[in-house]
Structure formats: C-alpha cells, structure tokens
Amino acid sequence: MSVVKRNNLAFPSLMNEIFKPDWFGGMENTSGNSPAVNIKDNEKSFDLELIVPGRKKEDFNIEVDNELLTISSEFKNEEEVKEENYTRREFRFSSFKRAFTLPESINVDAIKADYVDGILKVELPKKEEALPKPKRLIELK
C-alpha cells in the first residue's frame with residue numbers, strides 16, 4: 001500500500017501561475033532565509049549589496065574558488081530569562097548561502113567586502129583590460 005497525496009485544486013498549475021506569478025523569471029525567492037541581493041554594474045567594478053541586519057562581521061564567510069564567489073552566514077542566539085516561578089528559553093538559528101559565478105573580467109585578487117548598518121557590500125573590481133577605453137581623437141594626415 002502506498003500513500004497518495006491529492007491536490008484538490010482544479011488545474012493546479014494554472015492556479016499557481018495566477019496566484020504566485022514570477023513575472024520577471026527567476027526573481028521569486030522561495031527560501032525565506034536568503035537575503036535579497038542588489039548587483040550594480042559600475043564603470044570600474046560590480047557591487048553586490050546583501051541586506052542582512054542583526055549580524056556581526058564575524059558571522060560572514062566569503063570565499064572565492066575559481067570563478068565562484070560564495071557568501072554564507074550562520075547566526076545562533078540563545079536567550080534565557082529566569083523570573084519567579086518560570087524559566088523561558090528561546091533559540092534562534094538562521095543561516096544562508098549564496099553563490100555567484102564571476103565573469104572572467106573580474107580581478108579576483110582585489111575583491112573587497114564591508115558590513116555596515118545591516119548591509120554587506122562586496123566590491124568586485126574589473127580587470128584593467130575590461131575597463132572602458134577613453135575616447136581618442138584621430139588626426140587626419
């Protein structure tokens with residue numbers, strides 16, 4: 001005997017498309033633990049911004065292996081309150097791991113990161129040959 005799960009929705013895939021649209025393709029964040037990421041393409045670098053409030057710099061682990069940038073964090077908090085006739089213990093655990101494939105135009109040795117006011121900023125500088133060339137005036141002979 002096997003367990004069969006039933007979906008009582010008529011046309012379940014149609015219902016998912018109507019009520020949970022991912023209109024921009026890949027933008028839906030199915031894991032509530034993963035922080036949102038902004039990626040800015042500047043003239044000299046790419047800048048990543050992850051919104052991760054309530055953490056310390058020591059909670060982050062940023063690694064580069066070949067062309068793969070991995071940003072992870074693990075946060076544990078245990079709180080115990082003892083009053084007259086009761087004891088209350090609360091545990092909080094949160095972690096995430098995000099990986100980004102870096103283009104060949106990134107100078108991997110010059111990557112910098114900083115965490116200020118709940119925002120983790122990672123600067124990915126471009127290699128010299130990937131920077132835009134300045135305009136050049138060509139004289140006629």
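Numbers here simply count residues along the sequence, with the first being 1.
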Colleague: Quick one: does any side-chain atom of Tyr115 pair with a main-chain N or O of Arg55 as donor and acceptor, under 3.5 Å?
Modeller: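 Between the backbone of Arg55 and the side chain of Tyr115 there is a qualifying donor-acceptor contact (under 3.5 Å).
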Colleague: Could you walk me through whether Leu50 and Val52 pass the side-chain contact (heavy atoms from CB on, under 4.5 Å) test, one step at a time?
Modeller: CA-CA 6 Å; Leu50 285 83; Val52 199; 3.9 Å; yes
Colleague: As a quick check of understanding, evaluate side-chain contact (heavy atoms from CB on, under 4.5 Å) for Phe46 and Lys40, giving each step before the final call.
Modeller: CA-CA 6 Å; Phe46 289 100; Lys40 296 178 187 177; over 6 Å; no
Colleague: Between Lys121 and Glu123 (salt bridge meaning N to carboxylate O under 4.0 Å), is one present in this structure?
Modeller: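 Result for this pair is no, no salt bridge flagged.
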Colleague: Looking at Lys44 and Glu128, would you say the former's side chain and the latter's main chain have a donor-acceptor pair under 3.5 Å?
Modeller: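 No; zero donor-acceptor contacts below 3.5 Å.
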Colleague: What are the two closest non-hydrogen atoms of Lys126 and Asn42, and how far apart are they?
Modeller: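 Nearest pair, atom of Lys126 first, then Asn42: NZ-O, 2.9 Å.
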Colleague: List the atom pairs, donor and acceptor, that lie under 3.5 Å between side-chain atoms in residues 134-141 and the rest of the protein, sequence neighbours left out.
Modeller:
none

Colleague: I need the Leu124 CG to Leu69 CG distance, nearest 0.5 Å.
Modeller: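 That separation rounds to 6.0 Å.
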Colleague: Once rounded to the nearest 0.5 Å, what's the spacing between atom CG of Leu120 and atom CZ of Phe60?
Modeller: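 Reported to 0.5 Å precision, the distance equals 5.0 Å.
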Colleague: Check step by step if side chain to side chain donor-acceptor pair (under 3.5 Å) holds for Ser72 and Arg98.
Modeller: CA-CA 6 Å; Ser72 60; Arg98 298 286 307 252; over 6 Å; no
Colleague: Within this structure, what is the CD-CD1 distance for the pair Glu49 and Ile119, rounded to the nearest 0.5 Å?
Modeller: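 The distance works out to 6.0 Å.
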Colleague: Before accepting this row, confirm whether a basic side-chain N of the pair Asp47/Lys112 lies closer than 4.0 Å to the acidic partner's carboxylate O.
Modeller: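 Salt bridge absent between Asp47 and Lys112.
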Colleague: Is it true that a side-chain atom of Ser73 and a backbone atom of Ser95 form a donor plus acceptor pair closer than 3.5 Å?
Modeller: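 It does not hold such a pair.
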Colleague: So, taking the atom named CG in Asn66 and the one named CG in Leu102, what distance separates them when rounded to the nearest 0.5 Å?
Modeller: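 These two atoms lie 10.5 Å from each other.
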Colleague: At what distance, to the nearest 0.5 angstrom, does CD1 of Ile111 lie from CG of Leu48?
Modeller: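 Between atom CD1 of Ile111 and atom CG of Leu48 there are 9.0 Å.
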